[in-house]
Every structure is written in structure tokens, then in C-alpha cells.
A.B. asks: 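Let me begin by handing over the structure; questions about it come next.
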Amino acid sequence: MKYKIEKNTVQETLILPLYSRKLCTELYPNLYLDETAVHLIDQIDYDFSEAEKNSRSLMQRFGALEVAMRQNDLAWEVRAYLKTHPCAAVVNLGCGLDNTGRACDNGRCKIYNLDFPDVIALRQQLLPAGEREQNIPCDLKDPAWFDKIDASGGAVFFASGVFYYFLTQQVKALVQGMADAFPGGVLVFDAANRTAVKMIAKTWLRTAKIKDVGAYFAVSDAKSELSPWDSRLQVSSRGYMLGYNDLKDPSVSGFFRFLAKVGDSRMKMQIVKIGFGGKL
């Protein structure tokens with residue numbers, strides 16, 4: 001039996017990222033594999049015809065490559081943290097139907113997937129929590145969820161495509177709160193500069209009737225802009241298209257490698273890593 005997703009619902013907003021991850025797997029199998037996305041698309045009753053039509057366009061295919069690199073980079077950082085903290089909490093902030101936590105599972109860590117209650121309700125249907133895993137309904141902006149994370153063995157938090165929808169002040173408050181609650185932990189997420197965020201926001205801001213794009217979180221130089229938020233923060237960043245992978249794979253055209261370079265250098269598309277100082 002397939003799970004039906006209705007048009008114009010919050011649950012529908014999860015479909016496009018999921019479809020992009022499936023498309024990445026088909027287009028760039030040497031760079032990215034998300035078997036969960038491929039499996040879930042088959043489980044869902046939804047009209048994918050528009051997504052399939054769009055997937056033939058050049059920019060949609062480059063967008064799929066962006067998604068692939070972003071997920072790979074975040075997973076790389078999670079695995080790097082687990083090497084030194086094998087029993088850590090692995091926390092997917094704004095998880096949607098993403099399964100990166102489980103893909104990074106080392107057999108000892110604890111996995112937490114956080115999102116709004118209606119998203120978690122759908123996730124429970126399609127991706128019920130496994131061993132050492134919890135799906136937690138919450139609002140990320142409300143620090144009540146901090147108490148649900150067992151960070152006794154360390155904690156690595158990651159957010160994919162999430163903070164573009166936050167005001168800068170909201171990200172700052174969240175980071176400061178996490179520094180208090182999770183000393184020795186690490187937060188990794190994707191970010192971009194103001195120009196890129198305006199492009200990302202063009203469609204959803206119009207529907208939300210929000211005019212002040214400038215209030216939304218954007219970063220050009222992560223270290224100089226975010227370090228002053230709190231003296232305990234250790235901030236670094238790497239370009240997310242080419243910072244972790246040179247993309248010299250036969251599946252990636254020279255033109256796409258050029259666009260990747262532009263994205264990293266001009267749009268400051270980056271993975272930001274924030275370490276919360278202090279002992280575990």
C-alpha cells in the first residue's frame with residue numbers, strides 16, 4: 001500500500017528534496033547513493049510528472065548535484081566527529097525524510113531526527129525509528145528539545161537546507177543556546193551569501209508575503225561573522241561544491257565544475273562548522 005501525499009500540504013514540501021536525492025543517485029552514482037530516497041519514492045502515492053519533466057533541465061540537474069554534495073559533506077563531518085566520539089548523539093535538525101543519520105551509523109551512536117510534528121508523523125509512517133534512534137517532533141527554535149538529546153558521549157548536529165528559513169537573530173539564539181547545553185559538541189550546516197539567499201528565497205518569500213529578505217540568515221565569511229556571537233565558538237568553513245570533492249568524475253561535465261566553482265567563490269556556498277568549546 002502506498003502512502004498518499006496531498007498537494008499544497010506541508011508534507012508536499014518534503015517531496016522535492018526527496019526526489020532530488022533520488023535523482024542524484026541516478027545521475028551521479030559514483031558520487032552519491034541514497035537508497036532510502038529511491039525506496040521511499042516507490043512507497044509514495046504522488047504525481048511526480050512535473051518533477052520528472054523538470055529533471056531533464058540543465059539547472060535542475062546541477063541542483064541535484066548541489067544536493068548530493070551538500071549531503072555528502074555533512075555526512076563526512078558527522079563521520080569525522082564519530083571517529084573521536086563513537087558513542088555521540090547524531091542529531092538531524094529539520095530532518096524531513098532524510099536518512100543521513102542512519103547512513104552514518106557506526107553501531108554505537110545515538111540517532112535523533114527532529115522536525116515539526118506533522119513532518120515527524122509522516123516520517124514515522126515511512127521511516128519508523130530504528131534501534132538507538134528517535135524521531136522527535138518539535139520546533140527547532142524552542143530549546144525544549146535540548147533536554148531530549150543524550151549528549152553524554154558527545155553530540156554532532158547537522159542541518160541541511162534549514163537555516164535559509166531562519167532570521168539571523170534566530171540562528172544566533174539557537175547557536176548560543178546549544179553552546180550552553182552541549183559543550184564539546186559540533187554543529188555543521190550549509191550556508192550562502194546574501195545574493196544566493198535572495199535567489200533561494202525568491203519563491204517561498206513571495207508566498208509567505210515577507211518583504212525583508214535581508215533579515216534572513218546569510219554568511220559570506222563565516223569565521224569573522226559568526227565568531228563574535230560567543231567566545232566559546234570555534235568557527236570554520238569549506239566550499240560545499242568543491243571543498244570536499246574535486247568533482248573530477250566522468251558523470252560531472254566541465255560546465256558543471258565551472259558552475260560549482262562559481263557557487264563556492266561568488267555565492268559563498270559553504271559548509272559551516274561550529275565547535276562548542278568546553279569539555280564533554
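Worth knowing before you read on, the calculation uses all heavy atoms, side chains too, and leaves out hydrogens, waters and symmetry mates. Because the structure is predicted, anything quoted here is derived from the model rather than measured.
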A.B. asks: Do the side chains of Leu40 and Tyr19 get nearer than 4.5 Å, heavy atoms only?
C.D. replies: no
A.B. asks: Calculate, to the nearest 0.5 Å, the distance between atoms CZ and OG1 belonging to Arg70 and Thr100 respectively.
C.D. replies: 10.0 Å
A.B. asks: One pair to check against side-chain hydrogen bond (donor to acceptor under 3.5 Å, both in side chains): Asn72 and Asn245. What are the steps and the verdict?
C.D. replies: CA-CA 9 Å; Asn72 273 353; Asn245 192 309; over 6 Å; no
A.B. asks: Any chance you could lay out the side-chain hydrogen bond (donor to acceptor under 3.5 Å, both in side chains) test for Asn135 and Gln124, step after step, and finish with the verdict?
C.D. replies: CA-CA 7 Å; Asn135 292 333; Gln124 293 281 37; 3.2 Å; yes
A.B. asks: Please name the residue in the list Met241, Gln71, Arg61 that meets the side-chain contact (heavy atoms from CB on, under 4.5 Å) test with Glu66.
C.D. replies: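 By the side-chain contact (heavy atoms from CB on, under 4.5 Å) criterion, Glu66 pairs with just one of Met241, Gln71, Arg61: Met241.
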A.B. asks: Judged by modelled atom types alone, do Asp34 and Asn99 share a side-chain donor-acceptor pair under 3.5 Å?
C.D. replies: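 Asp34 vs Asn99: no donor-acceptor pair found between side chains.
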A.B. asks: Give a yes or no answer on whether the side chain of Asp190 reaches the backbone of Gly161 with a donor-acceptor pair at less than 3.5 Å.
C.D. replies: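 Answer holds: yes.
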A.B. asks: When rounded to the nearest 0.5 angstrom, what is the spacing between CG in Asp249 and CG in Leu65?
C.D. replies: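 One finds 9.5 Å between CG of Asp249 and CG of Leu65.
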A.B. asks: If you take all heavy atoms of Leu16 and Ala51, which pair is closest and at what distance?
C.D. replies: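 Shortest heavy-atom separation between Leu16 and Ala51 comes out as CD2-CB, 4.4 Å.
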A.B. asks: Determine the minimum heavy-atom distance between Ala88 and Tyr81, stating which atoms define it.
C.D. replies: CB-CE2, 3.6 Å
A.B. asks: Looking at Gln176, Met178, Arg232, which one forms a side-chain contact (heavy atoms from CB on, under 4.5 Å) with Phe276?
C.D. replies: Met178
A.B. asks: Quick one: does Glu77's side chain get under 4.5 Å of Val156's, heavy atoms only?
C.D. replies: no
A.B. asks: For Asp115, give me all partners under side chain to side chain donor-acceptor pair (under 3.5 Å), at least two apart in sequence or on another chain.
C.D. replies: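 If we apply the side chain to side chain donor-acceptor pair (under 3.5 Å) test to Asp115, skipping adjacent residues, there are no hits.
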A.B. asks: Passes ring-ring contact (aromatic ring centres under 6.0 Å, His included), Phe157 versus Phe182? Steps please.
C.D. replies: CA-CA 10 Å; Phe157 303 85; Phe182 306 106; 4.8 Å; yes
A.B. asks: Using the ring of Phe166 (Phe, Tyr or Trp, six-membered ring only), decide whether Lys141 places NZ or CZ under 6.0 Å from its centre and within 45 degrees of its axis.
C.D. replies: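 Checked: cation-pi criterion met.
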A.B. asks: State the CZ-SG distance between Phe146 and Cys138, to the nearest 0.5 angstrom.
C.D. replies: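 So the gap between those two atoms works out to 10.0 Å.
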A.B. asks: Mind checking the OG1-CD spacing from Thr168 to Gln170? Nearest 0.5 Å is all I need.
C.D. replies: 9.0 Å
A.B. asks: So do Ile274 and Phe189 actually touch side chain to side chain, heavy atoms under 4.5 Å?
C.D. replies: yes
A.B. asks: Checking the side chain of Asn106 only, and the main-chain atoms of Cys109 only, is there a donor and an acceptor separated by less than 3.5 Å?
C.D. replies: yes
A.B. asks: Does any non-hydrogen side-chain atom of Arg123 lie less than 4.5 Å from one of Asn113?
C.D. replies: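 Yes, close enough: below the 4.5 Å cut-off.
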A.B. asks: Keeping the roles fixed (side chain from Ser57, backbone from Asn54), state whether a donor-acceptor pair exists under 3.5 Å.
C.D. replies: yes
A.B. asks: Hey, are Asp105 and Arg132 close enough for a salt bridge, meaning a charged N less than 4.0 Å from a carboxylate O?
C.D. replies: yes
A.B. asks: Considering all heavy atoms of both residues, which atom of Ala159 and which atom of Leu74 are nearest to each other, and what is their separation?
C.D. replies: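 For Ala159 versus Leu74, the nearest heavy atoms are O-CD1, 3.9 Å.
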A.B. asks: Hey, would you say the Phe256 and Phe62 ring centroids sit under 6.0 Å apart?
C.D. replies: yes
A.B. asks: Determine whether Gln270 and Tyr240 make a side-chain contact, defined as any pair of heavy atoms from C-beta on separated by less than 4.5 Å.
C.D. replies: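 Not in contact.
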A.B. asks: Would Arg21 count as a cation-pi partner of Tyr32, with NZ or CZ less than 6.0 Å from the six-membered ring centre and within 45° of the ring normal?
C.D. replies: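 Judged by the rule (NZ or CZ under 6.0 Å from the ring centre, within 45° of its axis), Arg21 is not positioned above Tyr32.
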A.B. asks: Taking Ser237's backbone N and O only, do any of them form a donor-acceptor pair with Lys223's side chain (distance below 3.5 Å, no angle check)?
C.D. replies: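 The answer is no, because no donor-acceptor pair under 3.5 Å joins these two groups.
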A.B. asks: Determine whether Val162 and Leu140 make a side-chain contact, defined as any pair of heavy atoms from C-beta on separated by less than 4.5 Å.
C.D. replies: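 Heavy-atom side-chain distance check passes, below 4.5 Å.
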A.B. asks: Give me the atom names and distance for the closest heavy-atom approach of Cys87 to Arg108.
C.D. replies: SG-NH2, 3.5 Å
A.B. asks: State whether the number of non-hydrogen atoms from other residues, nucleotides or ligands found under 6.0 Å of Lys273 atom NZ is greater than 12.
C.D. replies: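 No, NZ of Lys273 has 12 or fewer neighbouring heavy atoms, counting only those of other groups under 6.0 Å.
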A.B. asks: More than 12 heavy atoms of other residues, nucleotides or ligands under 6.0 Å from NZ of Lys2: is that the case?
C.D. replies: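 Count over threshold, so yes.
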A.B. asks: Any sub-3.5 Å donor-acceptor pair from Asp45's side-chain atoms to Tyr3's backbone N or O?
C.D. replies: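 No.
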A.B. asks: Distance check, rounded to the nearest 0.5 Å: Ile5 atom CD1 versus Leu14 atom CG?
C.D. replies: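 Ile5 atom CD1 to Leu14 atom CG measures 7.0 Å (nearest 0.5 Å).
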A.B. asks: Any chance you could lay out the side-chain hydrogen bond (donor to acceptor under 3.5 Å, both in side chains) test for Tyr112 and Glu133, step after step, and finish with the verdict?
C.D. replies: CA-CA 6 Å; Tyr112 300 89; Glu133 185 175 14; over 6 Å; no
A.B. asks: Is there a side-chain contact between Leu226 and Trp229 (heavy atoms, below 4.5 Å)?
C.D. replies: yes
A.B. asks: Looking at Asn92, Val91, Leu114, which one forms a side-chain contact (heavy atoms from CB on, under 4.5 Å) with Ile136?
C.D. replies: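 With Ile136 as partner, side-chain contact (heavy atoms from CB on, under 4.5 Å) holds for just one option, Leu114.
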A.B. asks: Show the nearest heavy-atom pair for residues Arg257 and Leu247, with the distance to one decimal.
C.D. replies: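 Reported closest heavy-atom pair: NH1-O, 3.1 Å.
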A.B. asks: Between CD of Glu131 and CD1 of Ile111, what distance do you get to the nearest 0.5 Å?
C.D. replies: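 Atom-to-atom, Glu131:CD and Ile111:CD1 are 9.5 Å apart.
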A.B. asks: Given side chains that start at C-beta, do those of Glu35 and Thr25 come closer than 4.5 Å, heavy atoms only?
C.D. replies: no
A.B. asks: Determine, using ring centers only, whether Tyr165 and Tyr216 are less than 6.0 Å apart.
C.D. replies: no
A.B. asks: Parallel under 30°, tilted from 30 to 60°, perpendicular over 60°: which one fits the rings of Phe48 and Tyr46?
C.D. replies: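 Ring orientation, 0 to 90° scale: perpendicular.
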A.B. asks: Between Leu31 and Ser251, is a side-chain contact (heavy atoms from CB on, under 4.5 Å) present by the stated rule, with each step listed?
C.D. replies: CA-CA 9 Å; Leu31 294 173; Ser251 62; 4.2 Å; yes
